[in-house]
Structures are given as structure tokens and as C-alpha cells.
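First the structure, in the form of C-alpha cells, and then the observations on it.
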Amino acid sequence: MSAPEAATLPLFVSADAQRPIAWRRGAPVPLAEFRAHVAAVVARLPKQTAPAAMIDLCEDRYKFLVAYAAALSVGHTVLLPSSRAEQVVADVANANVGSYRIDDEAVDAAFAQGSSDAVNDRIPADLTAMVGYTSGSTGQPKTFPKLWRTVSGSNARNAQAIRAALPDKTATVWVLATVPPQHMYGMEMSVLLPLAGDMAVHAGRPLFPADIAAALAELPRPRVLVTTPVHMRAILGSDQQFPAVDVIVSATAPLDQPLAAAVTAKLGGEMVEMFGSTETCVFASRLTAREEQWRLYDGVRLEPRDDGTLVHAPWFVEPVLLQDMVELQPGNRFVVRGRSSDMIEVAGKRASLTDLTKRLLAIPGVQEAAVFQPDPDAVGTIRRVAALVVAPKLTAREVLDQLASGVDSAFLPRPLLIVDQLPRNELGKLPRENLLKALRRE
């Protein structure tokens with residue numbers, strides 16, 4: 001490999017012009033057509049010599065993917081604000097001189113005009129391919145830049161983990177995602193998979209069970225459903241009939257084995273849960289319905305420390321520290337014992353917020369739950385635990401009575417409020433600010 005080639009990595013892991021990269025408007029979109037769409041957007045991007053950054057606000061997944069590929073093709077970084085709210089987007093723009101916005105309307109205009117501009121297929125390995133942002137609800141938003149070598153290396157292995165769960169390892173894989181592309185999980189599993197993973201993605205973002213079923217029915221097999229435990233519970237609670245799914249991919253929140261088994265029984269296929277973070281991208285997976293241990297991707301090494309876990313990967317510039325506390329197991333596996341920031345102390349006793357949430361979710365009738373400390377910095381008082389619970393057929397007293405059988409009284413949520421839905425933002429996250437507002441309203 002020559003030096004110039006070593007400094008770049010491909011935009012498309014497969015350059016076959018006829019291979020499908022997306023499903024849009026009831027038909028597959030071959031790579032040749034996708035490249036034409038990317039070229040049309042490239043022709044209308046700002047021509048800047050200084051570093052430039054795109055704020056990709058496209059809601060249509062296909063248009064988001066086209067805009068993202070266009071930005072990489074001209075060496076621009078893509079910024080991923082935690083919300084599409086105008087002030088949030090404005091703050092990101094003001095903090096990034098040379099940034100510009102693109103949305104569905106701008107992409108439509110580019111499609112209408114077309115272009116013969118070339119698309120650069122070789123992306124600098126050290127290009128900052130994206131920057132993710134936290135919500136900033138607990139202070140100043142944090143930024144998490146990702147190099148192209150990092151996201152392409154990680155997602156090649158994501159594709160391998162998915163294909164390993166399929167009987168036919170060489171078939172064209174069709175992905176349907178219920179998560180937005182701006183979310184890091186959505187980026188990895190619905191934007192990067194078609195580029196670095198040689199898979200094809202449905203342009204839609206169905207939210208309700210009937211919409212998910214209809215979108216799945218459009219796709220050929222093998223079908224992969226990229227979703228979350230929240231959507232899985234909605235699917236289980238629905239009478240909707242679903243087409244067979246070959247692989248179900250889950251992330252964003254811990255998935256318990258009973259839920260994984262119930263979903264695979266209803267949809268078919270294998271459950272592949274992904275382990276990663278905004279800081280690292282995905283670096284491990286497991287077949288949750290059948291195993292508790294996580295399996296590290298090839299080349300990844302974990303280094304447990306008192307303040308968390310260092311993650312070493314060949315595609316990292318340097319190791320990344322996670323707050324997760326892990327226990328290493330034989331065979332390149334590990335189990336998670338909690339997060340350093342997740343451990344709380346009440347009346348001299350310690351517990352995990354994640355474990356408390358899992359115990360709530362295990363109660364029959366509980367659909368969603370969030371356990372948190374409203375006043376973690378309180379001084380001179382007993383720091384309480386609160387919970388918001390979605391359980392339409394239960395009272396707060398009934399939930400607390402069942403929780404009390406397996407939880408020390410010091411960690412019983414006070415208050416525990418029954419709500420219609422958890423206060424998620426548009427990316428499906430639960431910012432602390434939203435939790436506190438919901439608690440105050442009640």
C-alpha cells in the first residue's frame with residue numbers, strides 16, 4: 001500500500017455501481033444513483049479553503065445519508081447537535097466558524113438541478129468525520145469528535161456482527177431503523193452501515209408498531225430491524241402482525257434477557273445487542289436472548305481502572321476512558337458491573353441507578369422507567385431517589401410494593417410517579433433537565 005493510500009480510506013466499502021445502498025419510495029436505490037445524488041449536493045456546498053463543517057438537519061434518512069456522504073467527499077466535518085431546536089443549532093453554529101446548515105429542502109433543490117461533479121471516494125483517515133454533542137442539561141454541552149478511521153473501522157465490525165447472525169453471510173442486507181440518524185447509534189446503524197458496512201437502509205423512520213410492520217413488509221429479506229428497548233416494548237404490547245425479521249439490533253439502554261427472548265419470539269431472527277458509547281462508537285456485541293457476556297470486537301482490549309475502563313482499539317488514535325466498570329472474562333469477553341457515575345450512596349449504602357431501573361422494568365405491567373437522583377449534590381440531607389414510570393394499569397403504590405420485595409428500603413423511589421410517557425427529547429434521550437421538569441410538574 002502506498003503512502004497516499006495509507007492516509008485515506010474508502011467512502012464506500014463496495015464500489016459496485018449496481019449494489020443497493022438504500023430503499024426509497026418503494027424501490028431500491030443503486031450506488032450509481034446514490035453517487036449522482038451525492039454529486040448534486042457536492043456542487044452546491046460552500047467552496048471554502050478554511051475548515052468547514054455541515055450541520056446536517058435532514059429528517060429524511062436518505063437525504064441525511066446523501067448530505068453526509070457529500071460532506072465527507074469534500075472534506076467537511078458533520079456536526080450533530082443534540083436537538084433540532086433553533087437555539088441548540090444556533091449555539092453549535094456560533095461555536096464553529098465556517099459551519100453551514102443543510103436540510104431536506106436544500107437537498108431536494110440539489111436533486112432537481114443535478115450535477116456531473118465528481119464524488120471523492122477516498123476520505124482522509126484523519127478527517128473529523130463527525131462531532132456528536134451531549135444535551136448540556138447538566139452543564140456545558142460536551143463534544144465528541146470522531147475521525148473517519150474510527151467510524152469506518154468500528155462500523156466494518158458492526159456489519160460483521162450483524163452478518164454473523166445471518167444464515168447467508170453474503171446476501172444483501174436490508175436495514176430498517178426506528179432511531180434518528182442524528183443520534184450516534186442511528187448514525188452507526190443506519191448511515192454508516194450503507195457506507196462502511198455494505199448494507200442498504202430504508203429511508204423512513206417508523207415510530208409506531210403499524211408503521212414499523214408496513215416498512216418491514218416493503219423490504220426484501222434478510223431484514224434487520226435497528227431499534228431500542230422502548231420500541232420493543234411497544235411492539236410486544238401491540239396486536240400488530242409483523243413480517244419475519246432476520247436480525248434485531250438493540251442499543252441505547254440495557255436490554256434484559258426476558259425482553260430479548262419475547263421480542264425474538266414475536267419477530268423471529270436473532271437479537272444482537274451493541275455495546276458502545278458516544279465517546280467510542282460500538283466495540284462489542286452479544287446475543288442477548290442467549291448470553292449475558294459481551295464479546296469484544298477483534299483487536300479491542302479493555303483495561304479496567306478505578307475510575308472506569310480504558311478501551312483500546314486499532315482504529316483509535318489513543319485509548320478512550322469509559323465510566324463503565326467491567327469484569328474481564330475468558331475468551332475476549334466481559335460483563336458490566338455498573339458505571340462509576342451510576343453508583344449512588346444513601347444512608348451509607350450503595351446501589352446502581354441502572355440496576356434499580358432494570359428492577360422496575362422487570363415488574364409486570366411496567367413499560368418504561370427512569371430512576372434518578374433529583375438532588376445529587378445536596379448537603380446535610382438524605383439524598384433521595386426518584387422515579388418516573390409508565391405503567392398504565394398500575395398505581396404507584398402497587399409498583400412500590402413489588403419493587404420493595406427486592407430492593408433495600410433506602411433505595412425505594414420517593415417519589416415514584418406514574419406518567420403517560422417519559423420526557424424524551426427528539427433523539428430519544430432522557431436529559432436530566434427533562435426528568436426534573438417532569439418531576440416538578442407532577
Side-chain angles (χ1 to χ4, degrees), residues 9-13 21-22 56 58 61-62 64-69 71-72 77-82 123 125 127-134 143-165 173-203 205 224-229 231 247-253 255 271-286 288 294-300 311 313-316 320 322 324 427-429:
L9 293 167
L11 176 59
F12 308 109
V13 69
I21 198 167
D56 194 339
C58 295
R61 197 179 305 273
Y62 179 75
F64 185 100
L65 174 58
V66 169
Y68 181 71
L72 295 185
T77 296
V78 175
L79 308 177
L80 304 170
S82 63
I123 309 302
L127 172 69
T128 301
M130 66 182 75
V131 178
Y133 291 78
T134 62
T143 60
F144 293 99
K146 295 285 179 294
L147 303 183
W148 180 239
R149 73 163 72 173
T150 300
V151 296
S152 60
S154 175
N155 276 272
R157 288 158 177 80
N158 291 342
Q160 291 172 5
I162 292 172
R163 286 191 182 276
V173 178
W174 298 89
V175 176
L176 174 70
T178 64
V179 290
Q182 292 88 352
H183 189 287
M184 193 60 72
Y185 172 43
M187 278 293 300
E188 290 195 69
M189 297 299 161
S190 67
V191 176
L192 292 166
L193 275 183
L195 301 178
D198 193 19
M199 296 184 177
V201 66
H202 193 289
R205 182 196 162 192
V224 174
L225 176 62
V226 173
T227 190
T228 68
H231 287 100
V247 173
I248 306 153
V249 177
S250 179
T252 73
L255 180 63
M271 176 71 69
V272 179
E273 188 177 4
M274 301 295 191
F275 190 94
S277 68
T278 303
E279 299 95 321
T280 61
C281 294
V282 174
F283 60 85
S285 67
R286 67 178 178 182
T288 312
W294 295 92
R295 292 172 292 171
L296 289 168
Y297 286 169
D298 290 344
V300 177
V311 184
W315 53 89
F316 287 179
V320 179
L322 285 184
D324 296 274
L427 297 185
K429 298 182 179 181

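Here the structure is a predicted model, which is why all the values come from computation and not from measurement.
Nearest heavy-atom pair, Tyr297 versus Ser154, reported as atom, atom and distance to 0.1 Å: CE1-O, 4.0 Å. Of all heavy-atom pairs spanning Val201 and Pro194, the tightest one is CG1-CG, 3.7 Å. Residue Ala165 comes nearest to Val247 through the heavy atom pair CB-CG2, 3.9 Å, listed as atom of the first residue, atom of the second, then distance. For the pair Val78 and Tyr68, the tightest heavy-atom approach, listed with the atom from each and the gap, is CG2-CD1, 3.3 Å. Between Gly299 and Pro314 the shortest heavy-atom distance is O-CD, 3.3 Å. Of all heavy-atom pairs between Ala203 and Tyr62, the closest is CB-CB, 3.7 Å.
Note that CE of Met130 and CG of Leu147 are 10.5 Å apart. Values are rounded to the nearest 0.5 Å. Annotation: the span from Phe12 atom CZ to Ile123 atom CD1 amounts to 8.0 Å, rounded to 0.5 Å. Atom NE2 of residue His202 and atom OG1 of residue Thr178 lie 12.5 Å apart, to the nearest 0.5 angstrom. The distance from atom CE of Met184 to atom CG of Leu192, rounded to the nearest 0.5 Å, is 9.0 Å. Atom CD1 of Ile162 sits about 12.0 Å away from atom CD1 of Ile248, to the nearest 0.5 Å. Summarising the geometry, atom CG belonging to Leu176 is positioned 11.5 Å from atom CZ belonging to Arg205; distances are rounded to the nearest 0.5 Å.
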Would you sort out whether Thr280 and Phe316 count as a side chain to side chain contact (heavy atoms under 4.5 Å, CB included), showing the intermediate values?
-> CA-CA 8 Å; Thr280 61; Phe316 287 179; 3.9 Å; yes

Would Phe283 and Leu296 satisfy side chain to side chain contact (heavy atoms under 4.5 Å, CB included), going step by step from the backbone distance to the final call?
-> CA-CA 6 Å; Phe283 60 85; Leu296 289 168; 3.9 Å; yes

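No side-chain donor-acceptor contact under 3.5 Å links Thr128 and Thr77. For the residue pair Glu188 and Asn158, a side-chain donor N or O sits within less than 3.5 Å of a side-chain acceptor on the partner. A donor-acceptor pair shorter than 3.5 Å can be found between the side chains of Ser190 and Arg61.
Judged purely by atom type and a 3.5 angstrom limit, Glu273 uses its side chain to pair as donor or acceptor with the backbone of Leu255. Judged purely by atom type and a 3.5 angstrom limit, Ser152 uses its side chain to pair as donor or acceptor with the backbone of Trp148. In this structure a side-chain-to-backbone donor-acceptor pair under 3.5 Å is present from Lys146 to Glu279. Here the side chain of Gln182 pairs a donor or acceptor atom with the backbone of Cys58 at under 3.5 angstrom.
For Arg149, the salt bridge (charged side-chain N to carboxylate O under 4.0 Å, His left out) partners two or more places apart in sequence, or in a different chain, are Asp126. Here Phe144 pairs with nothing under the ring pair (Phe, Tyr, Trp, His ring centres under 6.0 Å) rule; sequence neighbours left out.
With contacts defined as side-chain heavy-atom distances shorter than 4.5 Å, the pair Thr143/Leu79 does not qualify. With a 4.5 Å cut-off on side-chain heavy atoms, Val173 and Arg163 count as touching. Using a 4.5 Å heavy-atom cutoff, the side chains of Phe64 and Met187 are in contact. You'll find the side chain of Val282 stays beyond 4.5 Å of the side chain of Phe275, heavy atoms only. Looking at Leu11 and Leu72, their side chains come closer than 4.5 Å, going by heavy atoms from C-beta outward. At least one side-chain heavy atom of Val311 sits under 4.5 Å from a side-chain heavy atom of Val300. Looking at Met274 and Ser250, their side chains never come closer than 4.5 Å, going by heavy atoms from C-beta outward. Thr228 has its side chain within reach of Val179: a pair of non-hydrogen atoms, C-beta onward, lies under 4.5 Å apart.
The aromatic rings of His183 and Tyr185 stand perpendicular to each other, their planes meeting at an angle above 60°, with 30° marking the opposite boundary.
Counting only residues at least two apart or on different chains, the salt bridge (Lys or Arg N to Asp or Glu O under 4.0 Å) pairs with a member in residues 191-202 are Arg19-Asp198.
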